[in-house]
There are 2 protein chains.
Amino acid sequence: MTDSEIRYQSLLHKLQQRGCRLTSHRLALARLLSISEGHPNASQLYETLRTQFPTISLATIYKTLTLLKEEGEVLEIDLHSDSHYDGNKPYPHPHLICSRCGAILDGDSVRSLTALNQEIEQTYGFHISRYQLVFYGVCQSCLQAERSA
Amino acid sequence: MTDSEIRYQSLLHKLQQRGCRLTSHRLALARLLSISEGHPNASQLYETLRTQFPTISLATIYKTLTLLKEEGEVLEIDLHSDSHYDGNKPYPHPHLICSRCGAILDGDSVRSLTALNQEIEQTYGFHISRYQLVFYGVCQSCLQAERSA
DNA sequence: TTCTTTTTGGATAATCATTCTCTAAACATG
DNA sequence: CATGTTTAGAGAATGATTATCCAAAAAGAA
Ligand SMILES: [Mn+2]
Ligand SMILES: [Mn+2]
Ligand SMILES: [Zn+2]
Ligand SMILES: [Zn+2]
């Protein structure tokens, strides 16, 4: 069983547990989220699904995303113009956004994050329940392309 | 000269440098930003100013905020529903948002932030130009109020 | 100063992501 | 199959933000 299939089953399981009807639209969205490497927004999900399901509505995308968010199976990333979604790593983790190519990259695998969280809790007596960390700049491949040009 | 007056003069200076007209509306907004301890959003600024300047428009607030953002004198904090603004610390710094009382607190004075930035640049070969870090949770005073209750 | 030309502040209208509402379809039960 | 209940999802509404455009202010000519 591949990673994305495990993810897909997990999404379905949570929807079922909640007693939601597993319609073809919802199944297709869950699959798309589980196979998406990037971090699509609602419109991108909509446009992709519309080719196979011409009658699907944007509101259905939003409502199902909200369900999956509430079940902790999808992470919402609030950006300036809209929200993007991560269906593979539904826990808080840093994201790197390239201002050249627009890519939204995962920035987990940083050790110093736990230290930062601890320092915040200690310094400010603040009890953290969740965080959102976004870095804006230029990604590795864009930097390399620039250098070799 | 108080801190907020220094800040006020700095805002005015940048608007002048840019060749902007220093209207009463703009002066009032600059002053309000410089004396605000919290992190108001556009509507809050609007409502506050409207008592003294009944003809001011929300669009004027937004346009002046954009000017000051471009001049690096105001930091915009993108949150889920709207943007909030910091006219006193216009450089990126962490914010702590309390889900009980709604306060948006400054979370500068954390040493581990530079380590995190360095780790991101090294691990991912990403060139950071700016970041936004928001912690959600419960603030110190709300925790204390809860304990003593 | 007075008239003309140019700039731009800011009120109003438009936009667009997101949410609300309500109908029609799916489900359960007898 | 009939009848009552739930809910998916299409279309309408909302609300923060942005674009447009007119009037007022500045600049320049005479
Ligand atoms: Mn991610
Ligand atoms: Mn701040
Ligand atoms: Zn890039
Ligand atoms: Zn609080």
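Letters A, B, ... are given to chains in the order of the sequence lines, protein chains preceding strands, and every chain is numbered from 1.
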Visitor: Pick out which of B:Leu27, B:Ile35, B:Leu32, B:Asp3 makes a side chain to side chain contact (heavy atoms under 4.5 Å, CB included) with B:Tyr8.
Guide: B:Leu27
Visitor: In this structure, how many angstroms lie between the C1' atom of D:dA16 and the NE2 atom of B:His84, rounded?
Guide: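 Computing the B:His84:NE2 to D:dA16:C1' distance gives 11 Å.
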Visitor: Counting N and O atoms only, with roles assigned by atom type, does the side chain of B:Glu73 sit under 3.5 Å from a partner on the main chain of B:Lys14, one being a donor and the other an acceptor?
Guide: no
Visitor: Give the ring-plane orientation class for B:Phe53 versus B:His25, where under 30° counts as parallel, over 60° as perpendicular and anything between as tilted.
Guide: perpendicular
Visitor: To the nearest Å, give me how far apart CD1 (B:Ile61) and P (C:dG9) are.
Guide: 14 Å
Visitor: Check the side chains of B:His84 and B:Asp78 for a donor-acceptor pair under 3.5 angstrom, ignoring hydrogens and angles.
Guide: no
Visitor: Take the protein atom OH of B:Tyr46 and the nucleotide atom P of D:dG15, then report the distance between them rounded to whole Å.
Guide: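 Rounded to the whole Å, the gap is 15 Å.
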Visitor: So which protein nitrogen or oxygen atoms get under 3.5 Å of nucleotides 17-24 of chain C's nitrogens or oxygens?
Guide:
residue : atom : partner : partner atom : Å
C:dT18  : OP1  : A:Ser83 : N            : 3.0
C:dT18  : OP2  : A:Tyr62 : OH           : 2.2
C:dT18  : O5'  : A:Tyr62 : OH           : 3.3

Visitor: N/O contacts under 3.5 Å, protein versus nucleotides 25-27 of chain C?
Guide:
none

Visitor: Any chance the side chains of B:Glu5 and B:Ser34 put a donor and an acceptor closer than 3.5 Å?
Guide: no
Visitor: Over how many whole Å does the gap from A:Gln16 atom CD to D:dA8 atom P extend?
Guide: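 Distance, rounded to whole Å: 13 Å.
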Visitor: What contact category does B:Thr64 fall into here, base, sugar-phosphate, or nothing, at under 4.0 angstrom with non-hydrogen atoms?
Guide: nothing
Visitor: Ring-plane angle category for A:His95 and A:His39, please: parallel below 30°, perpendicular beyond 60°, tilted otherwise.
Guide: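 Ring orientation of A:His95 relative to A:His39: perpendicular.
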Visitor: Between B:Thr51 and B:Thr48 (side chain of the first, backbone of the second, donor and acceptor by atom type, cut-off under 3.5 Å), is there such a pair?
Guide: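 Yes.
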Visitor: At less than 4.0 Å, is any side-chain N or O atom of B:Ser57 found next to OP1 or OP2 of C:dG10? Yes or no.
Guide: no
Visitor: Tell me: CG of A:Leu68 to P of D:dA8, nearest whole Å?
Guide: 12 Å
Visitor: Considering just the side-chain nitrogens and oxygens of A:His25, establish if one lies under 4.0 Å of OP1 or OP2 belonging to D:dA8.
Guide: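 So the side chain of A:His25 is outside the cut-off, no N or O lying under 4.0 Å from OP1 or OP2 of D:dA8.
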Visitor: Rounding to a whole Å, what distance do you find between B:Leu45:CG and D:dT17:P?
Guide: 11 Å
Visitor: Around atom CD of B:Gln52, are there more than 12 heavy atoms from other residues, nucleotides or ligands closer than 6.0 Å?
Guide: no
Visitor: Given atom CG of A:Leu22 and atom C1' of D:dG9, what is their separation to the nearest angstrom?
Guide: 16 Å
Visitor: Rounding to a whole Å, what distance do you find between A:Leu79:CG and D:dT17:C1'?
Guide: 16 Å
Visitor: Could you check whether atom CD of B:Glu37 has more than 12 heavy atoms from other residues, nucleotides or ligands sitting under 6.0 Å from it?
Guide: no
